[in-house]
Structure formats: C-alpha cells, structure tokens
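Chain naming here is simple, since letters A, B, ... match the order of the sequence lines and numbering starts at 1 in each.
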Amino acid sequence: MKNIEIAKIFERIADALEIKGENKFKIIAYRNAAKALSDLTEDISEIYEKGKLLEIPGIGEGIAKKIEEYLKTGRMKKYEEAVSGIPEGLFELLNIPNLGPKTIKLAYESLKVENLQQLLEVINNGSLEKLPMMGKKKVENIKEGIKEYLEKKGEKRRFPIGVVEKVVEYFVSELKNNKFVENIEVAGSYRRHCETVGDIDILVVGKEGGKIIEHFTSLPNVSKVLSKGDTKGSIIDNELNIQIDLRVVDEKSFGSALQYFTGSKAHNIKLRGIAKDLGYKLSEYGIFKEEEYICGRDEIEVYEKLGLVFIPPELREDRGEIELALKGKIPSLVQLKDIKGDLHIHSNYSDGFDDIETIASYGISLGYEYIGIADHSMSVKYAGGLEEERILKQIEEIENLNKKLKNIKILKGSEVDILKDGSLDFKDEILKKLDFVIAAIHQGFKKNVTERMIDAMDNPYVKIIAHPTGRLLSGREGYDVNIEKVMEKASEKNIFLEINSYYDRLDLNEINAKMAKEMGIKLIINTDAHNIKMMNDIKYGVYIARRAWLNKDDIVNTRNLKDFINLLKNG
DNA sequence: GCCGTTTTCGGCCCGACTGTTTTCAGTCG
Ligand SMILES: Nc1nc2c(ncn2[C@H]2C[C@H](O)[C@@H](COP(=O)(O)OP(=O)(O)OP(=O)(O)O)O2)c(=O)[nH]1
Ligand SMILES: [Mg+2]
Ligand SMILES: [Mg+2]
Ligand SMILES: [Zn+2]
C-alpha cells in the first residue's frame with residue numbers, strides 16, 4: 001500500500017509551503033489530504049483504479065491529479081517544485097519547540113540559515129536577536145527548544161500508553177490534594193486511548209486557576225516549567241521527560257473544556273465548524289449564541305445541542321464519526337467487560353513465569369469463562385519452546401486441571417512457529433490434539449512472510465494468526481508482509497486475526513483492525529501474557545478494537561464458552 | 001487546495017501564553 005508513502009509526500013509539501021509562506025489554507029488542505037490518506041482502510045491504488053479518489057473527503061481535483069501522477073510515474077511535479085529552493089536542513093527545524101515556520105523563513109531569508117548548525121551560529125553571534133520581532137528572550141526560548149529537541153531526538157518521540165500510566169496517576173493524585181481542585185479528568189490522546197501519546201493532558205475544575213497552576217508547576221516531579229498562566233500551564237516531568245499540559249476552567253465550562261481538551265484537533269475543528277453553521281460559537285468555554293452562554297457543563301449536552309449523539313472518545317478522530325453522530329448512528333463498541341477469555345497466554349512450560357493453575361485462577365478473578373495456554377513451539381529455543389514430549393505432558397496436565405477446576409475452562413493450545421519454509425513447527429498429529437492453534441512468525445522477519453503466513457493458514461488446525469505485522473512501538477519495523485494478502489486469506493479461511501494487547505505490540509493496529517473488519521474477518525483480543533499481571537493488558541487491546549470501530553460481535557472472545565468452542569470448530 | 005442544495009466565490013476553529021510591540025505576531029493547545 002502506498003497510502004502512507006503518499007501521505008508523507010503531502011506532509012512534506014505542506015512543510016515546504018509553510019516555510020515559503022504560502023497561503024495557510026492551502027497548507028491545511030495538504031495536511032488534510034495527508035491525514036485522509038493515512039486514515040484509509042483501503043489501498044489508494046485500488047481506490048484510484050475504481051475512479052473513486054474524489055469520494056475521499058479532503059481530496060479534490062487538484063490533489064487527485066497529483067495522486068494519479070504519482071501512482072503512474074512514481075513522481076509528483078508539485079512536490080519537486082515545492083521543495084525546490086528549500087535547503088534540506090530547514091525541514092528538521094520545524095520540529096524544534098518554540099521555533100515555527102515564520103522564524104525559520106526569516107532566518108533563512110535574512111541570515112542564510114540553512115540548517116541546525118547555522119541556526120546555532122546566528123544564535124550565538126547575536127544576529128538572530130537583532131531581526132525584527134526578535135529579541136533576547138525569544139532567542140533564549142529557541143535555544144531551549146533546540147536543547148529539548150536534541151535530547152528527545154534518538155529517543156522515541158511518543159510514549160506507549162502503557163508506559164505513562166504511573167506518571168498520570170502521580171499528577172492526578174497530587175492535583176486532587178489541592179483544595180481548590182473541584183474535579184479532574186485526563187483528556188487528550190490518553191482519553192481517546194491512542195496507542196501512544198505525545199504528552200499528557202489534564203483538565204481541572206476550579207475557581208483559583210492561578211493558584212492551582214502554581215501548585216502544579218512547583219510539584220517535586222517537575223523538571224521544567226514551559227509556561228504558566230491563570231488558565232493553563234505546561235511542564236516536563238522528571239521521570240519520563242514527558243510534557244504535561246494542565247487546563248483549569250470553571251465548573252460551567254467543564255463539559256465543553258473536556259470536549260475541547262479530548263480532541264482530536266481535527267474532530268474539534270469539524271465540530272466547531274458545525275456550531276458556526278448553526279449560528280453558535282463553540283470553544284472550551286461552552287456553546288455561545290452572540291456571546292451569550294448556552295451550555296457547556298456536561299460533554300453530552302455540547303454534542304446534543306449541535307444535533308449529534310454522544311461520541312465515545314476513541315472515535316473522535318474525524319474519520320466519519322461526526323457525520324454518523326449527526327444521523328444518530330454511532331456504533332456500539334466492544335467493552336472490556338465483554339471479554340470472556342484470553343487465548344494467548346504463556347506458562348512456565350515455555351518462557352512464561354506462572355504455572356497453569358495460577359493462570360487459571362487469575363482468569364477466574366478477571367471474570368473469564370475460559371483461558372487458553374499457548375506456549376512457544378520447539379524451534380523458538382530462546383523462548384523455551386516446547387518439545388513434543390513437553391506439550392503432550394502439558395495437554396495431560398490441562399486435562400487433569402479441567403477435571404479439578406469448576407469455574408473456568410482451560411483450552412489447550414500452542415503458539416506454533418511458522419518456520420522459514422512456511423511449514424509449522426509441530427506435526428499435525430500434535431496440533432490435532434489441541435483445542436486451538438495460533439500460528440506466529442518469530443524468525444525470518446523479512447523472508448517471504450506473506451507466503452509463509454498464507455501457507456500456515458492452509459493448515460486445517462490453524463485458527464489464529466498472532467501479532468500479524470510484528471511491529472514493535474519501541475522501534476522494530478515489523479515483518480516484510482503484505483497484510484492485505486494475509487487478510488484476504490484469513491477472510492477466505494475464516495481465520496481470526498489477533499489484536500495483541502501487549503503495550504509495545506498493539507498488533508493489529510487500529511487501521512489494520514478496521515480494515516480486517518471491513519473485509520469480514522473476525523478478530524480476537526489476546527494479551528500474550530508472560531505472567532498473570534500482564535493478563536490485565538487486555539484493556540489495551542480493547543482500546544485498539546474500539547478505535548477500530550469494532551463491536552462485540554467482531555471479537556470472537558466475547559462469546560461464552562459454548563459458542564466460542566463451536567466457533568473454533570466450525571467458524 | 002477543498003468545499004457547497006441558500007453559495008461555484010469566499011469562506012476555511014478558537015483561544016492562551018509569551019515577547020515584542022504601541023496594537024499584535026508567533027507558537028502552541
Ligand atoms: N480546537 C482546537 N483544539 C486543539 C488544537 N490543538 C489541540 N487541540 C485540542 C485537541 C487535542 O486533543 C487537545 C490536546 O492537544 P495535544 O497537542 O496534546 O494533542 P493530543 O493529546 O490529541 O495528541 P498527542 O498524543 O498529545 O500528540 O487539545 C487546535 O488547533 N484547535
Ligand atoms: Mg496530548
Ligand atoms: Mg497537550
Ligand atoms: Zn506469544
């Protein structure tokens with residue numbers, strides 16, 4: 001799929017036009033087109049071939065032509081023209097905090113600054129601060145921005161949601177201790193349950209904004225104060241070096257402020273446009289008609305006043321949810337409490353920590369009707385893969401435990417490796433003794449992965465493909481796999497694709513999971529737990545499913561035990 | 001550059017904080 005590739009080109013055009021000082025709405029148009037492409041759950045080439053480019057919101061005649069040109073020739077004249085005359089080194093400067101396109105343009109045109117090195121020179125020799133609208137403090141802030149940029153570079157720019165929870169809890173509990181704080185809610189991408197967050201956004205209700213923010217910015221875990229005023233403040237925390245934005249509003253603006261601060265930005269802009277069309281003004285302070293306050297206490301009344309039904313935060317990405325909400329047709333999303341079992345759990349037979357009975361007991365405490373043990377197969381030596389005798393022994397142990405345990409069913413499974421030649425790591429005689437088989441790639445990431453996965457799905461015992469793309473949020477790129485081909489096969493063979501809930505995997509991701517649903521594939525949310533605590537990661541998988549617009553029916557492990565077993569056999 | 005059923009021209013979200021200014025630009029949320 002060239003979707004992301006083309007999206008990046010449009011982003012680059014937007015950057016270039018911004019540095020050149022082009023019309024800002026044109027720049028926005030290119031960014032919107034880039035977002036539209038990234039959000040697609042269909043191959044842009046196929047949409048083009050069907051002649052349906054113009055049906056994508058944000059893509060008009062001009063951009064459609066450019067997509068066509070790129071798909072046909074591999075080049076785009078507009079791109080080449082836009083970046084011409086802009087030194088390569090200027091683009092990265094756009095990522096420096098406190099430094100924007102206007103200042104970059106100014107420094108480039110007045111001082112011939114073409115890269116970071118030269119920017120530092122004009123800062124140090126004092127020529128930058130002599131430019132119009134510049135000054136000592138501005139330059140000092142840019143210098144700070146560069147420092148921050150260089151510290152963050154190399155490291156990951158965004159944080160997996162599972163990593164920031166502790167920091168969120170700390171700041172929320174500290175703020176709750178403040179006597180002026182009347183209500184508190186975490187907003188932003190964290191509330192939308194994005195797979196990663198760029199910062200943490202916290203909303204507080206209180207009348208003494210200045211005092212609350214003073215308290216916030218002077219907490220012990222604050223390593224740096226970025227800004228502070230009477231209604232908002234920003235800091236960097238000293239544990240993760242993550243930015244935290246605090247917003248304080250009056251109680252009568254709580255709902256509208258929560259709406260604003262939850263975002264996404266694109267969702268907000270569209271919603272505000274709707275308000276405007278209706279003769280209102282929507283801001284974080286509420287809905288207004290001719291400066292007169294109409295409502296804003298609760299989030300739901302904001303949506304309803306504008307003629308929409310409530311939209312769950314996970315859907316607020318401007319991916320069509322607003323149009324649906326206007327018609328009252330928001331899908332009912334799968335919930336954590338719908339999950340009846342977890343099929344991808346490692347025991348101490350392979351590289352897991354806990355024994356099977358402990359895992360089963362923990363499953364009961366999570367309210368599950370079944371759990372599945374899926375240890376690694378023999379060729380995965382580094383992860384304690386099971387030899388044949390070991391899995392036979394495990395099967396026997398599970399059968400005995402099932403006689404003993406009344407409140408949960410343990411399903412016998414395997415996370416069997418797809419070998420480099422596409423065959424499976426266990427013989428069919430072994431696989432057929434199991435209740436379910438998960439096939440997965442743990443070797444040969446760049447070697448015919450698509451064909452191997454398709455071969456694996458041809459095995460009559462394979463029912464699930466684990467972490468189908470192999471990506472890790474912490475860096476690893478993932479398999480060299482054509483995920484659509486895999487999905488076509490999964491659809492044909494009724495194979496369940498996994499949403500792996502481990503916070504660093506979250507694989508399938510939301511776009512792929514949505515694509516899978518649209519292709520008629522059922523999904524399964526598993527944790528890949530290696531100890532019982534990790535079984536709680538299931539919520540991250542549910543978050544992804546919700547962001548992928550999936551409902552209870554799309555997720556097979558929402559079925560009760562009887563239906564689930566039927567589905568494994570026949571589904 | 002995109003969009004529209006009152007419009008094919010003239011809009012395109014709205015506000016806080018900072019630093020520079022004498023009334024506002026730039027950056028960010
Ligand atoms: N109306 C409006 N709201 C915005 C704008 N920029 C940001 N917001 C709102 C919506 C965002 O979700 C919220 C928090 O801003 P952030 O920059 O932290 O973005 P968000 O948390 O969505 O993503 P992140 O993971 O932090 O990159 O503020 C804007 O330009 N206009
Ligand atoms: Mg944020
Ligand atoms: Mg923020
Ligand atoms: Zn596993």
Output the rounded distance in Å from CD (A/E22) to C1' (B/dC12). 15 Å

Closest to the side chain of A/D245, out of B/dG1, B/dG19, B/dG29, is B/dG29

Which nucleotide in the list B/dC12, B/dT27, B/dC17 gets nearest to the side chain of A/K232? B/dC17

Close approaches to DNA chain B from residues 295-304 of chain A, in residue order (heavy atom, under 4.0 Å): none

Listed partners of A/E484 passing side-chain contact (heavy atoms from CB on, under 4.5 Å), at least two apart: A/M1, A/D43, A/E46, A/N482, A/M515

Return no unless some side-chain N or O of A/T231 is found under 4.0 Å from OP1 or OP2 of B/dC17. yes

Identify each donor-acceptor pair in which a side-chain atom of residues 166-176 of chain A lies under 3.5 Å from a protein atom, sequence neighbours left out, and give them as a table.
residue, atom, partner, partner atom, Å
A/S173, OG, A/E169, O, 3.4
A/S173, OG, A/Y170, O, 3.1

Would you classify A/I274 as touching base, sugar-phosphate or nothing, given that sugar-phosphate means primed atoms plus P, OP1 and OP2, and contacts are heavy atoms under 4.0 Å? nothing

What side-chain donor-acceptor pairs closer than 3.5 Å can you find for residues 93-114 of chain A, not counting sequence neighbours?
residue, atom, partner, partner atom, Å
A/N98, ND2, A/N141, O, 3.1
A/Y108, OH, A/G85, O, 3.0
A/S110, OG, A/L106, O, 2.8

Can you tell me the base-pairing partner of B/dT8? Count Watson-Crick or G-U wobble geometry only, both distances below 3.5 Å, and say none if there is no partner. none

Does a side-chain N or O from A/K276 land closer than 4.0 Å to OP1 or OP2 of B/dC14, or not? yes

Let's see if you get this right: which residues in residues 46-75 of chain A place a heavy atom under 4.0 Å from DNA chain B? A/P57, A/G58, A/I59, A/G60, A/E61, A/G62, A/I63, A/K66

In residues 103-125 of chain A, which residues come under 4.0 Å of DNA chain B by heavy atom? A/T103

Minimum-distance nucleotide (side-chain atoms of A/S227 versus B/dG29, B/dC14, B/dT18): B/dT18

